[in-house]
Amino acid sequence: MEERIRIMLPLLDERQRRIFLAAEAKTYGRGGISTVSRLSGVAPYTIRQGLKEIDSGEPIERKEKMRLQGAGRKKLQDNIPDIERHIQEIVDGSTYGDPQKVLSYTTLSLRKIQDILAEKFHIDISFRSVSSILEKLGYSKQANQKMLQVGEPHPDRNEQFEFINSKAADFLEKGLPVISVDAKKKENIGNFKNNGEEYRKTKDPRKVLDHDFPIPELGKVAPYGVYVLNDNTGFVNLGTDHDTAEFAAESILRWWTCIGSRTFPEADRIYINCDNGGSNGSRLHLWKYELQQLADYTGLEIHVSHFPPGTSKWNKIEHRLFCYITKNWQGQPLVDIETVVNLISGTTTAKGLKVKCQVDTNKYELKRKVTDEEFTKIQLFPCEILGNWNYVIKPRR
């Protein structure tokens, strides 16, 4: 019997398995249901259902519908109609994110929420069910250190988020490009240990160097990413030199030349969301100077918004592009630039993320200065709301 069950079960659909196992149990006699259940791993209830179908006297014919009408587990929300409201009530007090909650975070663990549901509302559900409901409500699991701001939040933080959401929604509705940009941390090239794990033969770990000192002849790479909110695509300019404002603007230009101009052929403006520091900081004159060169070259009116201080990890490129790149190459040494390009280009998600990667071998000068004369020629127009963080740079005709 055990051999028959092992051979037959993979070949049968749900209804056929039920009737086959019921026939085996009936042939076995007393104790047949428990014996067949133990050998097959199928619940006794299912086998009893099969026995009822056999004993009904109706012809056992192949049916298009395998399950009986109304069969299957009821949705959790059907059994507990208020479950989503209760979970929302629990996490509201510990939620971080923008005011529109396009993406929200909670510091409570799944099991903590599970315990509160049991204690406060007398609802007993698994932490996995809690996870599914949180995802449906628009929450994502994040490590605490990535979302708690050190010190007092900036007083204009919420106003800035509201501005970004409103303007991004307007651009998206009109079919105009909205991009999130940032530089990922530099990576050493060589046979170094890369955090994470990969599947390999048992007791056959990949051998890497026992130190992390950079190898001068291999150098480092600086990935600068462009994430397009309109169509869930990403572009990475893989620099081999310094991460400067010139490099940042060049990365955006390469995206526009390679992809953007073809995807948005009618666009006359672009909306850029970026951090408030680094190579694209709001106070950096070189960043605005290079954006002017970008505007002049492309003819685009460039709209820019910076995230408030302390909120760089809420930039969409972090959790819609960079995190998946990191996950895709975890446990794999970045032995050469070609490997990095292939790993970045091979990054995909269930929601259809596609990424293109190019290598940038240009040299970028550090501490390059913009003269007062050069800066005054920039067609810079601060917005009425938080003009230091929101501004428009127009092409010089």
Side-chain angles (χ1 to χ4, degrees), residues 177 179-190 192 214-228 233-264 270 272-275 277-300 302 304 306 315 317-318 321-322 325-326 329 334-347 354-371 374-375 377-378 393 395-396:
I179 63 174
S180 172
V181 303
D182 196 12
K184 200 176 187 299
K185 75 177 183 68
K186 288 187 176 182
E187 301 286 349
N188 290 329
I189 297 297
F192 299 111
I215 301 175
E217 55 268 29
L218 295 180
K220 298 181 178 183
V221 289
Y224 193 95
V226 176
Y227 175 76
V228 186
T233 58
F235 175 84
V236 176
N237 188 34
L238 194 65
T240 57
D241 199 49
H242 304 296
D243 175 20
T244 67
E246 185 182 4
F247 170 61
E250 173 69 16
S251 300
I252 299 172
L253 173 60
R254 290 187 176 215
W255 164 78
W256 177 254
T257 304
C258 179
I259 301 172
S261 59
R262 300 175 186 177
T263 307
F264 307 97
I270 184 172
I272 300 175
N273 293 166
C274 54
D275 295 345
S279 59
N280 43 232
S282 62
R283 297 182 179 181
L284 197 62
H285 283 194
L286 183 59
W287 163 247
K288 296 172 182 177
Y289 174 82
E290 290 297 337
L291 286 183
Q292 180 67 73
Q293 313 313 306
L294 177 64
D296 293 344
Y297 182 83
T298 62
L300 292 171
I302 299 177
V304 183
H306 294 268
N315 195 343
I317 196 171
E318 293 284 350
L321 179 61
F322 286 165
I325 291 175
T326 301
W329 70 23
L334 308 178
V335 294
D336 51 37
I337 291 179
E338 184 180 4
T339 298
V340 179
V341 172
N342 290 336
L343 289 171
I344 292 176
S345 301
T347 303
K354 294 180 181 179
V355 185
K356 185 175 180 61
C357 180
Q358 288 185 356
V359 179
D360 183 351
T361 57
N362 291 339
K363 298 295 182 182
Y364 295 99
E365 179 186 347
L366 288 174
K367 298 182 180 179
R368 182 180 158 203
K369 300 294 184 182
V370 175
T371 66
E374 288 175 324
F375 191 74
K377 292 181 180 178
I378 298 175
I393 294 179
R396 294 174 291 201

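This one's a predicted model, so the numbers in the text were calculated from it and none came from an experiment.
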Visitor: Is the closest side-chain heavy-atom distance between Phe264 and Ile270 below 4.5 Å?
Guide: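 No. Closest side-chain heavy atoms not under 4.5 Å.
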
Visitor: With a 4.5 Å heavy-atom cut-off, do Thr263 and Pro177 have their side chains touching?
Guide: no

Visitor: So, taking the atom named CD1 in Ile179 and the one named CH2 in Trp256, what distance separates them when rounded to the nearest 0.5 Å?
Guide: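 So the CD1 of Ile179 and the CH2 of Trp256 are separated by 9.5 Å.
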
Visitor: Specify the closest pair of heavy atoms between Lys369 and Glu374, including all atoms of both residues, with the distance to one decimal.
Guide: O-OE1, 4.2 Å

Visitor: Any sub-3.5 Å donor-acceptor pair from Glu318's side-chain atoms to Asn315's backbone N or O?
Guide: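 Not confirmed, Glu318 side chain does not pair with Asn315 backbone.
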
Visitor: I'd like to check Thr244 versus Leu366 (side-chain heavy atoms, cut-off strictly below 4.5 Å). Are they in contact?
Guide: yes

Visitor: Write down the atom of Cys357, the atom of Ile344, and the distance for their closest heavy-atom approach.
Guide: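 Where Cys357 meets Ile344 most closely, the heavy atoms are CB-CG2, 3.8 Å.
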
Visitor: Any salt bridge between Glu187 and Lys185, counting N to O under 4.0 Å?
Guide: yes

Visitor: With side chain to side chain contact (heavy atoms under 4.5 Å, CB included) as the criterion, how do Leu334 and Leu343 come out once you've worked through the C-alpha distance, each side chain's angles and the decisive distance to 0.1 Å?
Guide: CA-CA 9 Å; Leu334 308 178; Leu343 289 171; 3.8 Å; yes

Visitor: Okay, side chain of Gln292, backbone of Lys288: is any donor-acceptor separation there less than 3.5 Å?
Guide: no

Visitor: I need the Thr257 OG1 to Phe235 CZ distance, nearest 0.5 Å.
Guide: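 So the gap between those two atoms works out to 8.5 Å.
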
Visitor: I'd like to know if the side chain of Lys363 and the backbone of His242 have a donor-acceptor N/O pair within less than 3.5 Å.
Guide: no

Visitor: Taking the side chain as everything from C-beta on, heavy atoms only, tell me whether Ser251 gets closer than 4.5 Å to Phe247.
Guide: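 Answer yes - side chains close enough.
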
Visitor: Could you tell me the separation between the NZ atom of Lys354 and the NZ atom of Lys356, rounded to the nearest 0.5 Å?
Guide: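 Taking NZ in Lys354 and NZ in Lys356, the distance rounds to 12.5 Å.
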
Visitor: Do the side chains of Asp182 and Leu321 get nearer than 4.5 Å, heavy atoms only?
Guide: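 Counting from C-beta outward, Leu321 and Asp182 never come under 4.5 Å.
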
Visitor: Can you name the closest pair of heavy atoms from Trp287 and Ala248 and give their distance?
Guide: CZ3-CB, 3.8 Å

Visitor: Which pair of non-hydrogen atoms, one from Lys184 and one from Ile325, has the smallest distance, and what is that distance?
Guide: CE-CG2, 4.3 Å

Visitor: To the nearest 0.5 Å, what is the distance between CG (Leu253) and CG (Leu291)?
Guide: 11.0 Å

Visitor: Atom OH of Tyr289 and atom CZ of Arg368: how far apart are they, to the nearest 0.5 Å?
Guide: 5.5 Å

Visitor: Which distance, rounded to the nearest 0.5 Å, do you find between the CD1 of Ile272 and the CD1 of Ile393?
Guide: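 Result: 8.5 Å between the selected atoms.
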
Visitor: At their closest point, which heavy atom of Asp241 faces which heavy atom of Tyr364, and how far apart are they?
Guide: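 For Asp241 and Tyr364, the tightest heavy-atom pair comes out as OD2-N, 2.6 Å.
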
Visitor: Using atom types as modelled and distance alone, determine if a side-chain donor or acceptor of Asn237 lies under 3.5 Å from a backbone N or O of Tyr224.
Guide: no

Visitor: Are side-chain heavy atoms of Val355 and Ser345 found at a separation under 4.5 Å?
Guide: no

Visitor: Write down the atom of Ser279, the atom of Leu284, and the distance for their closest heavy-atom approach.
Guide: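 Closest pair (atom of Ser279, atom of Leu284, distance): O-CD2, 3.5 Å.
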
Visitor: Between Phe375 and His285, what is the ring plane arrangement, given parallel below 30°, perpendicular above 60°, and tilted in between?
Guide: parallel

Visitor: Does any donor atom in the side chain of Asp336 or Thr339 lie under 3.5 Å from an acceptor atom in the other side chain?
Guide: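 There is such a pair (donor and acceptor under 3.5 Å, judged by atom type) between the side chains of Asp336 and Thr339.
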
Visitor: Identify the residue among Ile337, Asp360, Ile189 that makes a side-chain contact (heavy atoms from CB on, under 4.5 Å) with Thr240.
Guide: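 Looking at Ile337, Asp360, Ile189, the match for Thr240 under the side-chain contact (heavy atoms from CB on, under 4.5 Å) is Ile337.
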
